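For clarity, every value in this text was computed on a predicted model and none was experimentally measured. We name chains A, B, ... by the order of the sequence lines, and we start the count at 1 in each one.
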Amino acid sequence: VVLYNTLIHGLSSCGRMVEAVAVFEDMQQNNGCSPSIATYGALIDGFSKSGDLRGATETWNKMMADEGCVDMVNVVVYTSMVDVLCRHWMFDEAYALIERMRRSSCHPNTVTFNTLIGGLAGSGRTERARTIFEEMGRYGCIPNVTTYNELLGGLLKSEGTKEGLEFFKEMDSNGIVKPDLVTYNSVLRSVSRSGMLVLVLQIFGKMVSSGIEPDNFTFNTVIDAYSRQRRVGFAIRIQDRLSCRGYWCPDIVAYNSLLWGICRWFGPEKAGSYLEKMMVNHGTNP
RNA sequence: ACAACUUUU
């Protein structure tokens, strides 16, 4: 069963739901295996990630009709259902489901709330996200760094860099959660998109001195932000310096951003010759 | 270490 679950999870998480369902059928019909709660969990999550509300709901119903699993239904599966609903912006339904969890003695946890808050914040509903954020404590759920990162991301995207930076300062000084790599990456994204180069460097410095190692997301984020503006030349210089010193090996995402920028600001001709150079110099597969 | 949450093209 574990083997089947692993297989289903693998297919589900790259969107191959038709095959995942085929394996699900096969395990029962040809090998007499009974799905476990993790089997249903993997399937529901797969449907959720591919935006298939019906598929997720049907799987949920199958699970509820499965003698061996009804009583095993747990917070993980509920959270996946909350996730599907959020992806369809059915936030009232998601909230109702959390209420139902509480009543059915399957208590929501921090991840459950994070799923809802992430959905709200990611769709511009920052006010509502904050309300839930304040409410989760009453359910005995303590916000963690992910919760804060979700709110921060929402603020940066829908309320603007300034609002977001204020939240970041609060987060940094109140000592409840410590800003992490994702926190800094989000902030750097907004700040470099606003073109505030000095601030980018300051924040980057703060990040490094807090002992956080920048990763590909960090560099790609900044490179992309500057490629979108007229600053592609600048983006290329950053890339060159970092890779010459061996700090970073640019990946395919970075090259995509640079190419987009060169194409947009200097025309396809230039982009073509850059593409050739990049293949020779770095052995990257476009 | 069989399933759920946040950052880049």
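When distances run from any side-chain atom of A:R228 to the nucleotides B:U9, B:U8, B:C2, the shortest one goes to B:U9. Of the candidates B:U7, B:U9, B:A3, B:U7 carries the atom nearest the A:S186 side chain, counting heavy atoms from C-beta on. The side chain of A:N74 approaches B:A3 more closely than any other nucleotide in the set B:U8, B:C2, B:A3. Side-chain atoms of A:R189 lie closest to B:U8 of the nucleotides B:A4, B:U8, B:C2. Listed nucleotides: B:U7, B:U9, B:A3. Nearest to the side chain of A:N185: B:U7. Taking only side-chain atoms of A:T146, from C-beta outward, the nucleotide of B:U6, B:C2, B:A3 with the closest atom is B:U6. In the set B:U9, B:A4, B:C5, the nucleotide with an atom closest to the side chain of A:D224 is B:U9. Considering only the side chain of A:V182, B:U7 comes nearest among B:A3, B:U8, B:U7. Here B:C5 is the nucleotide among B:C2, B:U8, B:C5 with the atom lying nearest to any side-chain atom of A:T115. Nearest to the side-chain atoms of A:A42 among the listed nucleotides B:C5, B:A3, B:U7 stands B:A3.
No side-chain donor from either of A:T79 and A:T115 sits under 3.5 Å from a side-chain acceptor of the other. In the model, A:N220 has no side-chain atom that pairs as donor or acceptor with a side-chain atom of A:D215 under 3.5 Å. Between the side chains of A:N216 and A:W248, a donor-acceptor pair is found at a separation under 3.5 Å.
Aromatic ring centroids of A:W60 and A:Y78 lie under 6.0 Å apart.
Here the P atom of nucleotide B:A3 and the OH atom of A:Y4 are 18 Å apart, to the nearest Å. Look at CG on A:L152: it is 15 Å from P on B:U6, rounded to the nearest Å. Summarising the geometry, the separation between CG on A:N216 and P on B:U8 is reported as 14 Å, rounded to the nearest angstrom. Residue A:L151 contributes atom CG, which lies 13 Å from atom C1' of B:C5 at whole-angstrom precision. Atoms NZ (A:K49) and P (B:A3) sit 12 Å apart, rounded to a whole Å. Between A:Y40 atom OH and B:A4 atom C1' the separation is 18 Å, expressed in whole Å. In this structure, A:I223 places its CD1 atom 13 Å from P of B:U9, rounding to the nearest Å. Rounded to an integer number of Å, the gap from A:D83 CG to B:C5 P is 6 Å.
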For the pair A:Y139 and A:H107, evaluate side-chain contact (heavy atoms from CB on, under 4.5 Å) and give the outcome as yes or no after the intermediate values. CA-CA 8 Å; A:Y139 288 78; A:H107 288 271; over 6 Å; no
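Across all strands shown, A:V77 has heavy atoms under 4.0 Å from base atoms, whether or not it also approaches the sugar-phosphate.
With centroids closer than 5.5 Å and planes inclined by less than 30 degrees as the test, A:F217 and the base of B:U8 fail to qualify as a stacked pair.
Side chains of A:P35 and A:Y40 form a contact here, defined as non-hydrogen atoms less than 4.5 Å apart.
Side-chain atoms of A:N109 come within donor-acceptor range of the base of B:A4, with a qualifying N/O pair under 3.5 Å.
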